[in-house]
Amino acid sequence: MAAPPLPPPDPQFVLRGAQSAVHTLHFCEGAQGQGRPLLLSGSLRGLVHIWSLQTRRVVATLDGHGGQCVTWLQTLPQGPQLLSQGRDLKLCVWDLAEGRNAVVDSVLLESVGFCRGSVLAGGLQRWLLAVPGRGSDEVQILEMPSKTSVCSLKPEAQARLGMPMCLQLWQADSSPGPLLLAGYEDGSVALWDVSSRKVCSRVSCHTEPVMGLDFDSREARGVSGSAEKALAVWSLDEQQALQVRGTHVLTNPGIADVKIRPDRKILATAGWDHRVRVFHWRTMKPLAVLAFHSATVHCVAFADDGLLATGSGDQRISVWSLYPCT
């Protein structure tokens, strides 16, 4: 007889104290000389909490979004600066150096949708920011910190893609300029050449809006999840053409977030069914179902050392050590 499958592990620890639903998570590596990264969380009530994973307590609370849900967090690689995006139509730039927690700049957004921004680091002082634009189907590209508009990416009217739902800026070795992957309300994923403002390729991945995507630039493969009960895996060839490679049916509908671990070994999905599902990235073999949370899981995040954090509507953040990085 085959041995029964091992039960899923328990979280390494649980962080309580967010005081409302957790909608976004981000690991801040190498912060403040600590051995472990800091974990940043954004909540429904508009607060950003900075957690120490050593003490497992909040070390700072940032309040910059007027009580409106924080939907996206990202630190900049060139220095201790944090970006936070909220439903108050504002993107705040925070200075976290030497224990500071001050808003040093902000960008007014023109779309009240659910689309999170994306950053591409350029030189030491300059970086690109992609955010939803003024038109319901537009993506705005800004050069920061000058806030200079680079371009607005608007699909052709007959395409009828709907709103952009998720964005990922990246730079390919084969392309002189930046590229943008965008998941849309109609369930498609499009690749934009930012310099020429043209869609290189578009592929229909889902029958429902794309809620989250991630891209492995080394393998030129990506994955997306939507409101339906399937994950789509797609690839990008040397001619910058997207192609669906397979779909993986899930037990229940609704994926709020999907992330590939930095070592490209596993990926995790955040489910509306309160579950976190873990897959082997190369084969898409299911590895584990983490059934800890008691409400929708809104977000997942990986640290460079492989730690997985998951945030939920139950106001808890669970931190897991799964399949350690080798």
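- Heavy atoms of other residues, nucleotides or ligands lying less than 6.0 angstrom from CZ of Arg57 number 12 at most.
- Checking His274 against Thr296 by side-chain atom types alone, no donor-acceptor pair falls below 3.5 Å.
- Taking 4.0 Å as the cut-off between side-chain N and carboxylate O, Asp216 and Arg218 do not count as a salt-bridged pair.
- In this structure, Gln171 and Leu120 have side chains that are in contact, with non-hydrogen atoms separated by less than 4.5 Å.
- At a threshold of 4.5 Å between non-hydrogen side-chain atoms, the residues Thr247 and Met284 do not count as touching.
- Judged by the 6.0 Å and 45° rule, Arg316 forms a cation-pi pair with Phe292.
- Side-chain atoms of Thr310 and Ser318 include a donor-acceptor pair closer than 3.5 Å.
- For the pair Trp127/Leu129, a side-chain contact is recorded, criterion being any heavy-atom separation below 4.5 Å from C-beta on.
- Side chains of Gln81 and Thr75: no donor on one and acceptor on the other come within 3.5 Å.
- In this structure, the side chain of His280 engages the main chain of Arg282 through a donor-acceptor pair within 3.5 Å.
- Atom-to-atom distance recorded for Leu89:CG and Leu108:CG is 8.5 Å, nearest 0.5 angstrom.
- With no hydrogens or angles considered, no side-chain donor-acceptor pair links Gln168 and Ser118 at under 3.5 Å.
- Nearest heavy-atom pair, Ala295 versus Ser312, reported as atom, atom and distance to 0.1 Å: O-OG, 3.2 Å.
- With Tyr323 as the aromatic partner, Arg261 does not meet the cation-pi criteria of under 6.0 angstrom to the ring centre and within 45 degrees of the ring axis.
- Between His298 and His23, the gap from one ring centroid to the other is short of 6.0 Å.
- A continuous path of Ile, Leu, Val, Met, Phe, Trp and Tyr side chains, each step under 4.5 Å between heavy atoms, connects Val258 with Trp281, placing both in one hydrophobic cluster.
- Atom CZ of Phe215 and atom CG of Leu179 lie 8.5 Å apart (nearest 0.5 Å).
- Within a 6.0 Å radius of CZ in Phe114, no more than 12 heavy atoms belonging to other residues, nucleotides or ligands are found.
- In this structure, Glu185 contributes its side chain and Gly162 its backbone to no donor-acceptor pair below 3.5 Å.
- Residues Asp305 and Leu307 come closest through the heavy atom pair OD1-N, 3.1 Å.
- To the nearest 0.5 Å, atoms CD (Gln12) and CG (Leu53) are separated by 9.0 Å.
- Ion pairing between a basic and an acidic side chain is recognised when a charged N comes within 4.0 Å of a carboxylate O; Arg275 and Asp273 show no such pairing.
- Atom CG of Leu180 and atom CG of Leu169 lie 5.0 Å apart (nearest 0.5 Å).
- Between Pro253 and Trp272, the shortest heavy-atom contact is O-CB, 3.9 Å.
- A donor-acceptor pair under 3.5 Å is formed between the side chain of Ser201 and the backbone N or O of Leu242.
- With rounding to the nearest 0.5 angstrom, the SG atom of Cys200 is 8.5 Å from the CG atom of Leu236.
- Residue Ser224 comes nearest to Val189 through the heavy atom pair OG-CG2, 4.3 Å, listed as atom of the first residue, atom of the second, then distance.
- When all heavy atoms are compared, the tightest approach of Gly46 to Asp63 is O-OD1, 4.3 Å.
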Derivation of the side chain to side chain donor-acceptor pair (under 3.5 Å) call for Gln140 and Ser149: CA-CA 7 Å; Gln140 183 77 19; Ser149 177; 2.6 Å; yes

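- The stretch residues 135-150 participates, sequence neighbours left out, in these salt bridge (Lys or Arg N to Asp or Glu O under 4.0 Å) pairs: Asp105-Lys147, Arg126-Glu143, Asp137-Lys154.
- Of the possible polar contacts, one joining the Glu29 side chain to the Asp304 backbone as a donor-acceptor pair under 3.5 Å is found.
- By the 4.5 Å side-chain criterion applied to Ile, Leu, Val, Met, Phe, Trp and Tyr, Leu44 is assigned to no cluster and stands alone.
- Donor-acceptor pairing under 3.5 Å is recorded for the side chains of Ser41 and Trp51.
- The minimum heavy-atom distance linking Ile260 with Asp214 is given by the pair N-OD2, 2.7 Å.
- For Ser235 and Arg245, the side-chain atoms include at least one donor-acceptor pair closer than 3.5 Å.
- To the nearest 0.5 Å, atom CG of residue Leu39 and atom CG of residue Leu15 are 6.5 Å apart.
- A donor-acceptor pair under 3.5 Å links the side-chain atoms of Ser20 to the main chain of Arg45, judged by distance alone.
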Residue pair Ile50, Leu96: steps toward the side-chain contact (heavy atoms from CB on, under 4.5 Å) verdict: CA-CA 10 Å; Ile50 303 178; Leu96 302 182; 4.3 Å; yes

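- Between Arg100 and Glu98 a salt bridge is recorded (basic side-chain N to carboxylate O distance below 4.0 Å).
- Remark: the backbone N or O of Gly117 is paired with a side-chain donor or acceptor of Gln85 at under 3.5 angstrom.
- Using a distance-only test at 3.5 Å, with no hydrogens or angles considered, no donor-acceptor pair links the side chain of His65 to the main chain of Gln68.
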